[in-house]
Participant: 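Got a structure for you, questions after.
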Amino acid sequence: MRFSQLYNYEIAIFLSMIGFYVLVSRGNLVKKVAGLSMFQTSVFILYISMGVVQDGTVPILVDGVRVYSNPLPHVLILTAIVVGVATTAVALALIIRIKEAYDTVEEDEIHEQDRSF
Amino acid sequence: MKKPLVAVTLAAAAVPMLIGVAALPRPGDPTAPAHTHVAAHYIEAGARETGADNRVTAVLLNYRAFDTFGEVLVIFAALAAVIAVRSPATPGGRADDMPGPGPGLPISPVVAFIIRLTAPFIALFGAFVIFRGHVSPGGGFQGGVILGALLVLLSLVLGRGAERPLLAVPLARWLQAAAPLAFTGVGLLGLALTGALLGYPAEPERHALRELMMITLDVGIGIGGAMIILGLFLEMRGD
């Protein structure tokens with residue numbers, strides 16, 4: 001059955017939807033960043049799943065091994081993880097700054113103080 | 001926010017993605033397009049062309065070195081952004097009377113002892129992962145994270161606040177820029193040797209130099225990454 005063979009991709013989409021749900025349904029900025037990180041992790045799982053080759057080992061040269069996994073998704077996701085750490089750090093620093101300025105990290109309370117809604 | 005609206009939004013995002021992945025090849029299928037184009041060349045010739053048995057490092061530091069150069073610039077820029085946002089010099093920036101956690105509880109002597117006891121071994125492991133990154137699992141970023149975690153642990157035990165940091169600030173600033181500096185140096189060396197930025201000499205008699213260039217990049221990434229993790233931690237701790 002085709003569905004069961006693609007379960008890695010479906011799990012990744014399910015995980016991304018959990019992250020997306022946190023992102024749109026919560027007003028707390030820290031929770032939003034956590035949701036965004038979950039969404040990001042689901043993309044990592046999707047890419048790493050694509051790099052798998054049946055019966056392949058890690059893409060490091062070993063005598064007597066013929067089948068290796070695809071190194072390209074590993075490199076792309078290594079880059080993405082590092083950049084993800086950087087963007088999360090900047091987001092959290094901005095949240096600390098918002099907390100200092102508004103004394104809250106709840107989105108609706110910030111809008112209330114700004115009278116922007 | 002209204003629950004039905006959220007459910008509709010999620011469905012609208014998930015259904016096209018599920019339909020999209022249904023057309024993808026099965027994971028592990030060796031004939032999938034992802035494995036047959038440039039990746040096949042990386043597997044076939046990567047170790048021979050780059051001198052790195054670890055093909056991930058070969059792609060990271062050789063075939064896609066510009067990408068990695070950009071990546072280390074991104075994390076350095078992220079640290080600069082965090083420092084700028086958290087700096088007391090920024091207009092309306094960090095208030096000195098901010099109700100932070102303060103100096104906090106003194107750390108438990110058991111925890112402090114264990115951290116001191118394991119620190120040399122963690123440092124050795126981190127250095128091993130960095131220096132052997134081109135022939136075995138590991139690399140600059142992975143080893144840098146290990147060293148960064150060690151520095152965070154040590155700053156918890158030996159931390160003396162913003163007045164007396166672990167490392168002198170000017171030295172720390174240079175070490176935080178270690179990765180972009182290593183890439184600039186090796187890139188210019190490659191330019192001088194081969195005529196291409198970040199080019200590696202391919203002649204067999206220069207293989208030792210090629211390996212040294214890769215190790216330099218890995219060490220730069222490792223030290224820079226570790227210092228950036230420590231820098232982010234110290235900027236965020238709210239002391």
Side-chain angles (χ1 to χ4, degrees), chain A residues 2-3 5-10 12-14 16-18 20-21 24-27 46-56 58-62 67-76 78-83 85-97 99-101 103 108, chain B residues 1 3 6 9-10 13-14 17-18 21-22 24-30 32 34-35 38-39 42-43 46-47 53-56 58-60 63-64 67-68 70-72 74-75 77-79 81-83 85-86 90 92-95 98 135-137 139 141-142 225 228-229 232 235-236 238:
Chain A
R2 193 157 172 76
F3 182 87
Q5 288 185 333
L6 293 170
Y7 62 89
N8 272 37
Y9 298 150
E10 273 128 22
I13 291 174
F14 181 67
S16 73
M17 285 303 112
I18 296 175
F20 193 38
Y21 171 76
V24 296
S25 69
R26 292 287 175 269
L46 185 79
Y47 259 74
I48 293 294
S49 304
M50 280 180 200
V52 175
V53 174
Q54 190 96 49
D55 301 326
V58 288
I60 293 168
L61 191 66
V62 181
V67 185
Y68 294 100
S69 285
N70 190 341
L72 194 52
H74 294 228
V75 177
L76 297 179
L78 176 61
T79 307
I81 290 171
V82 174
V83 172
V85 169
T87 52
T88 306
V90 175
L92 291 175
L94 288 173
I95 290 172
I96 294 173
R97 182 73 190 86
K99 168 81 175 168
E100 286 170 5
D103 211 26
D108 46 355
Chain B
M1 185 167 296
K3 285 232 164 69
V6 173
T9 311
L10 289 185
M17 283 205 281
L18 283 171
V21 295
L24 285 177
R26 171 181 66 82
D29 184 0
H35 307 313
V38 68
Y42 292 159
I43 293 286
D53 286 355
N54 182 347
R55 274 72 167 263
V56 176
V59 178
L60 190 78
Y63 294 117
R64 294 180 65 89
D67 189 17
T68 313
E71 174 188 3
V72 298
V74 164
I75 56 170
L79 177 70
V82 169
I83 291 174
V85 169
R86 298 284 294 142
T90 307
R94 190 194 314 206
M98 180 192 146
V135 286
S136 65
F141 290 108
Q142 295 88 330
I228 284 172
I229 288 175
L232 292 174
E235 286 298 323
M236 300 257 200

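Numbers restart at 1 for each chain; the letters A, B, ... are given by sequence-line order, proteins then strands.
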Participant: So which of A/L76, A/D55, A/L78, A/T79 has the biggest tally of heavy-atom pairs under 4.5 Å with chain B?
Facilitator: A/T79
Participant: Which bit of B/S136 comes within less than 4.5 Å of chain A, counting heavy atoms only: side chain, backbone, both or neither?
Facilitator: backbone
Participant: Between the main-chain N or O of B/I43 and the side-chain N or O of B/R55, is there a donor-acceptor pair closer than 3.5 Å?
Facilitator: yes
Participant: Mind ranking A/V62, A/I81, A/V75, A/D108 by heavy-atom pairs under 4.5 Å with chain B and telling me who comes out on top?
Facilitator: A/V75
Participant: Return the option, out of A/L72, A/V58, A/L46, with the maximum number of heavy-atom pairs under 4.5 Å with chain B.
Facilitator: A/L72
Participant: Could you pull out the closest heavy-atom pair between B/I75 and B/F141, with the gap in Å?
Facilitator: CD1-CE2, 4.4 Å
Participant: Could you state the interatomic distance from CG (B/D53) to CD1 (A/I60), rounded to the nearest 0.5 Å?
Facilitator: 9.0 Å
Participant: Would you mind checking which part of B/A13 comes under 4.5 Å of any heavy atom in chain A, side chain (CB onward), backbone (N, CA, C, O), both or neither?
Facilitator: both
Participant: At a heavy-atom separation under 4.5 Å, does B/A47 approach chain A through its side chain, its backbone, both, or neither?
Facilitator: side chain
Participant: Heavy-atom distances under 4.5 Å only: say whether A/S16 touches chain B with side chain, backbone, both or neither.
Facilitator: side chain
Participant: Where does B/V38 contact chain A at under 4.5 Å (heavy atoms): side chain, backbone, both or neither?
Facilitator: side chain
Participant: Hey, is the main chain of A/M50 close enough, under 3.5 Å, to the side chain of A/N70 for a donor-acceptor pair?
Facilitator: no
